[in-house]
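In what follows, a single structure is set out as structure tokens and then discussed.
Below, each value reflects all heavy atoms present in this structure, side chains not excepted, and no hydrogens, waters or symmetry copies.
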Amino acid sequence: MIKTELSDVYRGYIACLNKQDWPKLDQFVHDDVTYNGQRIGISGYRGMLERDFYEIPDLYFDIQLLISDPPHIASRLKFDCTPKGTFLGLRVNGKRVSFTENVFYEFRNGKIWQVWSVIDKAAIEAQL
């Protein structure tokens with residue numbers, strides 16, 4: 001897969017998340033996906049995302065930086081949202097917070113196979 005194709009697939013994946021179009025998630029995510037070193041499979045990955053949207057009803061993934069080096073993608077995502085209760089162990093309780101996530105993906109057969117994610121929890125703490 002060339003850089004532009006991989007970037008387009010990733011942008012399609014982010015659009016799928018923002019629409020919460022869960023039936024299409026398997027077009028972008030490998031059945032055996034791992035998240036931060038743990039194999040959770042596509043059902044676990046979908047469950048994680050559904051839980052995120054439940055806990056953060058106004059969740060929106062905003063790509064700030066995207067670097068494609070097939071079979072990898074590096075992305076910096078920005079969030080400006082209002083978690084309902086506890087988020088990352090912090091009692092946010094409906095306060096609007098802004099933070100970023102640095103996430104790296106490895107693709108296999110055109111689908112996300114591995115995900116490594118680091119969320120800027122300190123940025124959230126500073127706003128509470």
Checklist line | pair Tyr13-Val29: side-chain heavy atoms closer than 4.5 Å | finding: yes
- Report yes if the side chains of His72 and Tyr105 come closer than 4.5 Å at any heavy-atom pair, otherwise no. no
Does a side-chain heavy-atom distance below 4.5 Å link Ile119 with Phe99? yes
CG (Leu128) and CZ (Phe87) are apart, to the nearest 0.5 Å, by 11.0 Å
Separation between CD1 (Ile124) and CG (Leu88), nearest 0.5 Å, reads 5.0 Å
Here the pair of heavy atoms bringing Leu6 nearest to Pro71 is CD2-C, 4.0 Å
I'd like to know whether NZ of Lys84 has more than 12 heavy-atom contacts from other residues, nucleotides or ligands below 6.0 angstrom. yes
- Message: Checking the side chain of Lys3 only, and the main-chain atoms of Ile67 only, is there a donor and an acceptor separated by less than 3.5 Å?
- Response: no
Here the gap from Asp62 atom CG to Glu101 atom CD, rounded to the nearest 0.5 Å, amounts to 12.5 Å
So do Met48 and Tyr35 actually touch side chain to side chain, heavy atoms under 4.5 Å? yes
In terms of heavy-atom contacts, Ala123 and Ser98 come closest through CB-O, 4.2 Å
- Item | Donor-acceptor under 3.5 Å (Arg91 side chain, Gly85 main chain) | no
*Are Asp31 and Lys111 within salt-bridge range, i.e. N to O under 4.0 Å?*
no
Run the side chain to side chain contact (heavy atoms under 4.5 Å, CB included) test on Val33 and Ile40 for me, step by step, so that the C-alpha distance in whole Å, both residues' side-chain angles and the decisive distance to 0.1 Å come before the verdict. CA-CA 6 Å; Val33 66; Ile40 60 174; 4.3 Å; yes
Report task. Determine whether the aromatic ring centres of Tyr60 and Phe53 lie less than 6.0 Å apart. Result -> no
Hits for side chain to side chain contact (heavy atoms under 4.5 Å, CB included) against Ser43, two or more places apart or cross-chain, chain-then-number order -> none
Between the CG atom in Leu25 and the CD atom in Gln20, the distance rounded to the nearest 0.5 Å is 11.5 Å
- request: Would you indicate whether the side-chain heavy atoms of Ile73 and Phe107 approach each other to under 4.5 Å?
  value: yes
* Asked: Heavy atoms, side chains only, cut-off 4.5 Å: are Ser75 and Ile63 in contact?
  -> yes
**Prompt:** Is Arg96 salt-bridged to Asp80, cutoff N-O under 4.0 Å?
**Reply:** yes
Heavy-atom side-chain contact between Thr34 and Val115 under 4.5 Å | no
Give a yes or no on whether the backbone of Ser117 and the side-chain of Asn36 come within a donor-acceptor separation of less than 3.5 Å.
-> yes
Is there a path from Phe28 to Trp22 through hydrophobic residues (I, L, V, M, F, W, Y) whose side chains come within less than 4.5 Å of each other? yes
Margin query: Tell me whether the rings of His30 and Trp113 are parallel (<30°), tilted (30 to 60°) or perpendicular (>60°).
Written below: perpendicular
Here the pair of heavy atoms bringing Thr82 nearest to Pro57 is O-CD, 4.1 Å
Between Thr100 and Phe79, is there a side-chain heavy-atom distance shorter than 4.5 Å?
no
To the nearest 0.5 Å, atom CG of Leu59 lies from atom CG of Asn18 at 7.5 Å
What one should report as the nearest heavy-atom pair of Val97 and Gln127 is CA-OE1, 3.3 Å
Quiz item: Hey, is the main chain of Asp52 close enough, under 3.5 Å, to the side chain of Glu55 for a donor-acceptor pair?
Solution: no
dist Leu66:CG -> Tyr10:OH (nearest 0.5 Å) comes out at 6.5 Å
Taken in chain and number order and not counting sequence neighbours, the residues that satisfy salt bridge (charged side-chain N to carboxylate O under 4.0 Å, His left out) with Asp8 are none
